[in-house]
Protein chains: 2
Amino acid sequence: MRWIGKDRQINGHILSGTEIFGNLAEEALDHVTRVSHRRPLAAGSSLFRQGDPADAFCVLLEGGIKMVQISPEGQQVVLRYIGPGEMFGAVALFCRTDYPATAVAVTDGLAAIWSRDTAEMLLRRYPEIGANALQVVGGRLQELQSRYRELSTENVERRVARTLLRLAARPGRPVADDTRIDFPISRQDIAEMTGTTLHTVSRVISRWEGLGLVASGRMALVLRRPQALSRIADDL
Amino acid sequence: MRWIGKDRQINGHILSGTEIFGNLAEEALDHVTRVSHRRPLAAGSSLFRQGDPADAFCVLLEGGIKMVQISPEGQQVVLRYIGPGEMFGAVALFCRTDYPATAVAVTDGLAAIWSRDTAEMLLRRYPEIGANALQVVGGRLQELQSRYRELSTENVERRVARTLLRLAARPGRPVADDTRIDFPISRQDIAEMTGTTLHTVSRVISRWEGLGLVASGRMALVLRRPQALSRIADDL
DNA sequence: CGGAAAATTGAATTTATTCAAATCCTGTGG
DNA sequence: CCACAGGATTTGAATAAATTCAATTTTCCG
């Protein structure tokens, strides 16, 4: 909730500053806002679930969300964390499939949502939205390709280091010393993001804590020396 | 080259039947075709390389291509195989970044390409192209998310089984007994697709060969009992 | 204060990698 | 036509990384 920028208010539009609507003209933004709905999110609740028919397009306004995919055998993977300004649930909508993952709120928050029909109407009316969507989805594809390569080729320690750095860098802020990851996150969550077990994550983080690289508590993490983590991640 | 459908010729348009232009009107297809260039591909050559500035959008007409990403340490990962009708090099173009991977021809083939400017012109002129692109990119994101989960949670044997089935199913054909993977592929390639080593792949495939599930040769594979592989992949 | 979820940690085990040789193809040049 | 060079594949043995199993401890909330 530290995440929400005041600039959004100053600008007069909650939706300016979002990746998908950010560059729209004033009047378009008005229109988009007018046909949106608000949906408060309670920490731990899910906005939609894997397998549900995709009927809404969403932008997170406040709080944090994790996208979780569960395998037929019941094993979970955290695909991605979403912060304010980011869209989600979009691909399923455009591709007319079911949601491929579950959106779980990690803090209390607020989402803006549009029905499928409304979203399609907006897309027809303001073609820039389509171009933006293509860029966003393309960017996510590229990021996931890199993470796929990392998961394929790198050991756990590196992957955990990368994951922590990525989480800390979330809204594009440079990661300084003593940067805190500003939403609650467990060892299990980190394990599900890095493709390992909570035990291994715990061991790795304990070691780092001993070396002074991080400080950790229950559901909390501070990167004390992110630069050292970068060195682990990138092997300089 | 067995891959190219005669129907494409009958229809009169090489580009009908492609995922990105398939649903365009006759005249639009003509236009798109007119402003395209052809580029023959020699097996083993690369159409573009990771890190090159993205200046072309491509559709494969004949042959096969693999998209390879290489890590700073030199380890390779095969992100995806591409068959006739599929586009590639698109995201980098729309996002104005460098190519995030290298496109290597696995057989002789033929690609249609468009320059960035031409592609942008077409995109403005025929908005359906944008919608198609969004669907294609979205679909690839979803597929990669599933593969990411599999890589995270499943053991090597399963992942190899899945990979072989996916390769055999390529252009959407149902996989019958004795389906051959119709392009040259090494143990190393399979390892780079599944996130393991060629040694482990070799062991797994040798065992399957002993059980009569597959027949294999140098750079060649036949799935003799794909159903049994599915059982390994999905644990029925 | 009590209970439950989160985290830590040791020991045993497993899976897959790494290291190290052989062996098998296949296309090429003599 | 055949030998051969080099890539592809196979396979064994040793090793390493991470998981699994099994407690125990810590922390937070009510």
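Below, each value reflects all heavy atoms present in this structure, side chains not excepted, and no hydrogens, waters or symmetry copies.
Contact check for A:Phe48 versus A:Asp98: no side-chain heavy atoms found under the 4.5 Å cut-off. Looking at heavy atoms from C-beta onward, B:Phe88 lies out of side-chain contact with B:Val59 at the 4.5 angstrom threshold. Put simply, the side chain of B:Ile205 reaches to within 4.5 Å of the side chain of B:Ile190, judged on heavy atoms. Side-chain contact check for B:Arg140 versus B:Gln145: every heavy-atom pair is 4.5 Å or farther apart.
When the P atom of D:dT10 is taken as reference, atom CH2 of B:Trp208 falls 13 Å away, rounded to whole Å. Atom CG of A:Leu198 and atom P of C:dT8 are 9 Å apart (whole Å). For the pair B:Arg187 CZ and C:dT23 P, the computed distance is 19 Å after rounding to whole Å. If you measure from atom CD1 of B:Ile205 to atom C1' of D:dT11, you get 15 Å, rounded to the nearest angstrom. Rounded to a whole Å, the CE atom of B:Met219 is 6 Å from the P atom of D:dA8. Summarising the geometry, the separation between CG on A:Leu221 and C1' on C:dA6 is reported as 13 Å, rounded to the nearest angstrom. As rounded to whole Å, 14 Å separates atom C1' of D:dT11 from atom CD of B:Glu209.
No option in B:Arg203, B:Arg162, B:Arg207 other than B:Arg207 meets the side chain to side chain donor-acceptor pair (under 3.5 Å) test with B:Glu157.
Listed nucleotides C:dT18, C:dA16, C:dT9 differ in distance to A:Ser202; the shortest reach to its side chain belongs to C:dT9. In the set C:dA6, C:dG10, C:dT17, the nucleotide with an atom closest to the side chain of B:Arg203 is C:dT17. Closest contact between the side chain of B:Thr200 and the listed nucleotides C:dT17, D:dT9, D:dA18 involves C:dT17.
Residue contacts shown for A:Ser206 are limited to sugar-phosphate atoms, with no base heavy atom under 4.0 Å away.
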Query raised in the report: Can A:Glu209 and A:Ser216 be said to form a side chain to side chain donor-acceptor pair (under 3.5 Å), step by step?
Result: CA-CA 7 Å; A:Glu209 198 154 16; A:Ser216 83; 3.0 Å; yes

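Under the 3.5 Å distance criterion, with hydrogens and angles disregarded, no donor-acceptor pair is assigned to the side chains of B:Thr33 and B:Ser36.
Put simply, A:Thr197 has a side-chain N or O that comes within less than 4.0 Å of OP1 or OP2 on D:dT19.
Taken residue by residue, residues 146-161 of chain A places no heavy atom nearer than 4.0 Å to DNA chain C.
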Query raised in the report: How does each nucleotide of nucleotides 23-30 of chain D score, in 5' to 3' order, for protein heavy atoms under 4.0 Å: base (B), sugar-phosphate only (S), or none (-)?
Result: ----BS--

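A cation-pi arrangement, defined by a distance under 6.0 Å to the six-membered ring centre and an angle within 45 degrees of its axis, is present between A:Arg147 and B:Tyr148.
Ring-plane geometry between A:Phe57 and A:Phe21 is classed as perpendicular, the angle between the planes exceeding 60 degrees on a 0 to 90 degree scale with a lower cut at 30.
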